[in-house]
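Written out below as structure tokens is the structure these notes cover.
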Amino acid sequence: APTYSIMISGHCRAGNTERCTELYKEMTGKGFTPDLLLCNSIIDTFCKAKNVDDALQVLDKMSKVGAKPDVVTYNILLDGLHKANMLEKADELFSTMVANGCAPDLITYSTMLDGLCKRNRIKQAQEMFDTLLEKDLVPDIVTFNILMDGLCKAGKLDEAKDLLDVMSEHNVAPDGVTCTILMNGLCKDKRTDEAVKLFMYMKEKGSVVDVTPHNIVLLGLCREGKLGQALMFFNRMVKSEGEFSPDVVTYTTLVNALIEVGKVDRAVEYFQRMTDSGLAPDYVAYNTLMNGLKKQGRFIQADRLTEAMKAKGFLTD
RNA sequence: AGUUGUGUGUCCGUCC
């Protein structure tokens, strides 16, 4: 059984859902019972693969063999259900959890908070935040970042900045993710210059500034039509050699920007450069180029790209 | 030993 545990958790972490499922079936078939931590890993792997139904079945099996799910089990499933838009199931599970004597913790509330924020239910999210305080739970940086992002995406940038004060009242210092969330909010509000200021501030402060804030600045420049600056910025990213090297999102942002100004050949060039640099385009990357090719009537190239997508398993129908 | 919540790209949808 420990052998299975190690193998399964390895595949789980690698995101190899199929192999993970196979091994799990094989293990249970042989009469071995996965322990709680392994069950949680498996459930999480299913959830992250958007396979919440199988995840729930693992929960069912657990209760059959009398294994008690813990708060982590419930948190994982609540997150999966929210992200799969199964809200009624999520509420149901929350009730089950409480009925089974499992006390919701900070992560439970943060997970639900995120679910509300992502649906733009800001008012309810703020109520959830108050509830969490009433329960004497202590919000951490992730809780605040979730709320910060919700406020920014709802266009409430002023309230987002006010939240910084609330954070310091709770002795929670903003981190790189907080800054990135605010930068993104500023960019989406067409305040790229302010976002860049925040970006520079982060760099001056010596924080670790990874590829994500760079991608946000790049997108901001592209949206402002400053393609020349965007390309210079991109070149600096290439030279960073690892610290904030371009990723699939970086390339997709540029490909899209080039398409929008009608430079499809250059877009194709950058797409090629992405694969040449050893990055594997994802569905969004393919879709971006595909739409550009079709918009320009490049049907032969589009067909060729369709074949590539099929070969990679991105088109299942 | 190993498990859960937060930030960036395309299209579509929802709201205005």
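Chain identifiers are assigned alphabetically (A, B, ...) following the order of the sequence lines, protein sequences preceding nucleic acid strands; residue numbering begins at 1 within each chain.
Closest to the side chain of N184(A), out of G2(B), G9(B), U8(B), is U8(B). Looking at the side chain of N75(A), the nearest of the listed nucleotides U4(B), G9(B), G7(B) is U4(B). Here G9(B) is the nucleotide among G9(B), G5(B), U8(B) with the atom lying nearest to any side-chain atom of V284(A). When the nucleotides U10(B), G7(B), G9(B) are ranked by their closest atom to the side chain of D149(A), G7(B) comes out on top. Side-chain proximity of T212(A) to the nucleotides U3(B), U8(B), U6(B) is greatest for U8(B). Of the listed nucleotides (C11(B), G5(B), U4(B)), C11(B) has the atom at the smallest distance from the side chain of N291(A). Side-chain proximity of D114(A) to the nucleotides G9(B), U8(B), U6(B) is greatest for U6(B). Of the candidates G9(B), G2(B), U6(B), G2(B) carries the atom nearest the D35(A) side chain, counting heavy atoms from C-beta on. When the nucleotides U6(B), G9(B), U10(B) are ranked by their closest atom to the side chain of V177(A), U6(B) comes out on top.
A straight line from CE of M274(A) to P of U10(B) spans 14 Å, rounded to a whole angstrom. Distance, L293(A) CG to C11(B) P: 14 Å, rounded to whole Å. Going from atom CG of D79(A) over to atom C1' of U3(B) covers 13 Å, rounded to whole Å. Rounded to whole Å, the distance from CG on L36(A) to P on U3(B) is 13 Å.
Of the options N184(A), D247(A), T180(A), T252(A), a side-chain hydrogen bond (donor to acceptor under 3.5 Å, both in side chains) to N215(A) is made by D247(A) and by none of the others.
Residue L37(A) is classed as a base contact, given a heavy-atom separation below 4.0 Å to a base. Heavy atoms of K295(A) sit nowhere under 4.0 angstrom from any nucleic acid atom. Within the nucleic acid shown, R121(A) has no heavy atom closer than 4.0 Å to any nucleic acid atom. The residue N85(A) sits apart from the nucleic acid: no heavy atom pair falls under 4.0 Å. Residue T180(A) is classed as a base contact, given a heavy-atom separation below 4.0 Å to a base. Nucleic acid contact class of I107(A) (heavy atoms, under 4.0 Å, all strands): base. Within the nucleic acid shown, D140(A) comes within 4.0 Å of at least one base atom, counting heavy atoms only. Residue contacts for T143(A): at a heavy-atom cut-off of 4.0 Å it reaches a base atom on one of the strands shown. D247(A) comes within 4.0 angstrom of no nucleic acid atom, judged by non-hydrogen atoms across all strands. At the heavy-atom level, V248(A) lies under 4.0 Å from base atoms of the strands shown.
Checked by distance alone, D282(A) brings a side-chain donor or acceptor within 3.5 Å of a matching partner on the base of G9(B). Applying the 3.5 Å distance criterion, the base of G7(B) shares no donor-acceptor pair with the side chain of T178(A). Residue T252(A) places a side-chain atom within donor-acceptor reach of the base of G9(B), judged by atom type and a 3.5 Å distance cut-off alone.
In this structure, K239(A) is not positioned above the aromatic face of F244(A) in the sense of NZ or CZ being under 6.0 Å from the six-membered ring centre and within 45° of the axis.
Neither OP1 nor OP2 of C15(B) sits under 4.0 Å from any side-chain N or O of K153(A). Phosphate proximity of G9(B) to K188(A): present, with a side-chain N or O under 4.0 Å from OP1 or OP2. In this model, the phosphate group of U14(B) is not approached by any side-chain N or O of K118(A) to a distance below 4.0 Å at OP1 or OP2.
A ring-centre distance under 6.0 Å is found for H170(A) and F144(A).
Few gaps surround CD on E88(A); more than 12 heavy atoms of other groups in view lie less than 6.0 Å from it.
A tilted orientation is assigned to the rings of Y283(A) and F314(A), their planes being inclined by 30° to 60°.
In this structure, CG in L113(A) is found 12.0 Å from OG1 in T108(A), a value given to the nearest 0.5 Å.
Using a 4.0 Å cut-off between charged side-chain N and carboxylate O, K197(A) and D193(A) make no salt bridge.
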